[in-house]
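Bear in mind that the values here come from a model prediction, so they are computed numbers and not experimental data. Counting begins at 1 with the first residue of the sequence.
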Amino acid sequence: MTAGIEPQSLLKVRDLAVVLSGLSILQGVSFDVADTGVTVLLGRNGVGKTTTLRAILGLAPATGSLTFDGDEIVGRRTHELVQKGLGYVPEDRCVFAGLTVAENLRLAERTKTSAYDLVFELFPELKKRASQKAGSLSGGQQQMLALGRVLLTENRLLLVDEPTKGLAPKVVTEVADALARVAVRVPILLVEQNLAVVRRLAGDAVVLAAGQVAWTGSASELLGDQDLTKSLLGVGASIDADGRGEERGAHPDGGTVGSHA
């Protein structure tokens, strides 16, 4: 970002509401996503984080307003939003287990000039395992494949849901490294439960509670305030300046603060 130039809002979420099976999941959620860097969506279990991503992509029925790159997109079909440049990496990765890595990537192609060079630069393991069935990959390798698929085509915004969940610490670092490099090219709305990863990647933070926005501000401000972090997320963020360490009161494998919504 050029010095002195403030980021603009690429996505504006206003009064977003979602009702599923008679239950009110989101209730008037409002926040902005900048056109650069990483905006992180945080909250405890079941507060609506994943539902928010799904609503933005048209996968959950929503009311309110979603303005993406200047256009209202509430009610638009998912394939139209993908064509407009919304990329999605779901929490469960959704790779095609019976297909090879190469076949999984091929299915994600939308143009003749897919960015294989970028994908293989970020995830050289995928090139090595091109002929291997996706179902036989480790969890970390499947996550790399899920990210690789969405990076094959040019996007304006990536919606990435829990990319480090359940991964070994070394793989968490590799995925975070890749996301940091990706965020230089395209903004990311990230749902993440590992606060060390949040500290490293995120500029802005949005905290949900009971289907509503409880707090917005800079991620560094949130994680720098032990009392605020504990009251909003139920954990105490004890993280080194380089983004390493564990969160007190969280799981020992990297500090989870919540999973699906």
Side-chain angles (χ1 to χ4, degrees), residues 1-2 5-18 25-43 47-60 62-76 78 80-91 147 150-151 153-163 176 178-193 195 197-209 211-223 232-233 257-258 261:
M1 181 174 64
T2 305
I5 298 178
E6 292 295 325
Q8 301 298 309
S9 295
L10 177 61
L11 175 69
K12 296 181 180 181
V13 180
R14 297 290 183 270
D15 296 319
L16 187 68
V18 173
I25 308 300
L26 300 181
Q27 307 162 35
V29 168
S30 297
F31 63 89
D32 289 359
V33 177
D35 62 359
T36 60
V38 176
T39 300
V40 67
L41 196 57
L42 296 168
V47 297
K49 304 183 298 294
T50 292
T51 299
T52 299
L53 296 192
R54 290 176 59 81
I56 292 169
L57 198 61
L59 294 171
T63 59
S65 175
L66 292 166
T67 307
F68 175 57
D69 203 16
D71 294 332
E72 179 59 58
I73 62 172
V74 164
R76 299 282 291 272
T78 299
E80 296 174 330
L81 300 178
V82 171
Q83 290 171 351
K84 281 181 64 65
L86 275 174
Y88 181 46
V89 182
E91 179 185 0
L147 286 166
V150 80
L151 293 173
T153 54
E154 186 174 350
N155 289 290
R156 294 282 290 116
L157 175 65
L158 298 184
L159 311 175
V160 183
D161 196 356
E162 303 265 14
L179 288 172
R181 295 178 65 184
V182 170
V184 174
R185 298 169 175 262
V186 57
I188 298 173
L189 176 58
L190 174 70
V191 171
E192 180 52 65
Q193 56 184 333
L195 296 188
V197 174
V198 172
R199 168 68 64 84
R200 177 181 175 186
L201 295 178
D204 297 321
V206 179
V207 181
L208 297 184
Q212 299 178 319
V213 173
W215 189 90
T216 61
S218 74
S220 60
E221 178 186 353
L222 173 63
L223 298 182
L232 290 172
L233 304 176
V257 297

Can you tell me how far apart [atom1] ([X]) and [atom2] ([Y]) are? Round to the nearest 0.5 Å.
X	Y	atom1	atom2	result
E80	D71	CD	CG	11.5 Å
R185	L158	CZ	CG	11.5 Å
I188	T39	CD1	OG1	10.0 Å
L59	L159	CG	CG	9.5 Å
R199	E192	CZ	CD	14.0 Å
I73	F68	CD1	CZ	6.5 Å

Taking all heavy atoms of [X] and all of [Y], pick out the closest pair and write down the distance.
X	Y	result
P187	D35	CG-O, 3.6 Å
N155	G87	OD1-N, 3.6 Å
I25	G48	CG2-CA, 4.3 Å
L81	I56	CD1-O, 3.4 Å
V47	L26	O-CD2, 4.3 Å
K84	R156	O-CG, 3.9 Å

*Does the side-chain contact (heavy atoms from CB on, under 4.5 Å) test come out yes or no for S65 and E72, once each step is laid out?*
CA-CA 7 Å; S65 175; E72 179 59 58; 2.6 Å; yes
*Residues which pass side chain to side chain contact (heavy atoms under 4.5 Å, CB included) with A214, listed by chain and number, not counting sequence neighbours*: A209, L232
Just wondering, do [Y] and [X] contact through their side chains at under 4.5 Å, heavy atoms?
X	Y	value
L42	L222	yes
V13	V213	no
L201	V40	no
L208	L41	yes

*Run the side-chain contact (heavy atoms from CB on, under 4.5 Å) check on V160 and V182 step by step: do they pass?*
CA-CA 12 Å; V160 183; V182 170; over 6 Å; no
[X] (side chain) donor-acceptor with [Y] (main chain) under 3.5 angstrom:
X	Y	result
S30	D15	yes
D161	T50	no
K49	G43	yes

*asked:* Applying side-chain contact (heavy atoms from CB on, under 4.5 Å) to L179 and L147, what does each step give before you reach the verdict?
replied: CA-CA 9 Å; L179 288 172; L147 286 166; 4.0 Å; yes
*Would you please test Y88 and T78 for side-chain contact (heavy atoms from CB on, under 4.5 Å) and show each step?*
CA-CA 10 Å; Y88 181 46; T78 299; over 6 Å; no
*asked:* Under the side-chain contact (heavy atoms from CB on, under 4.5 Å) test against R14, which residue among D32, T67, L66, V29 passes?
replied: D32
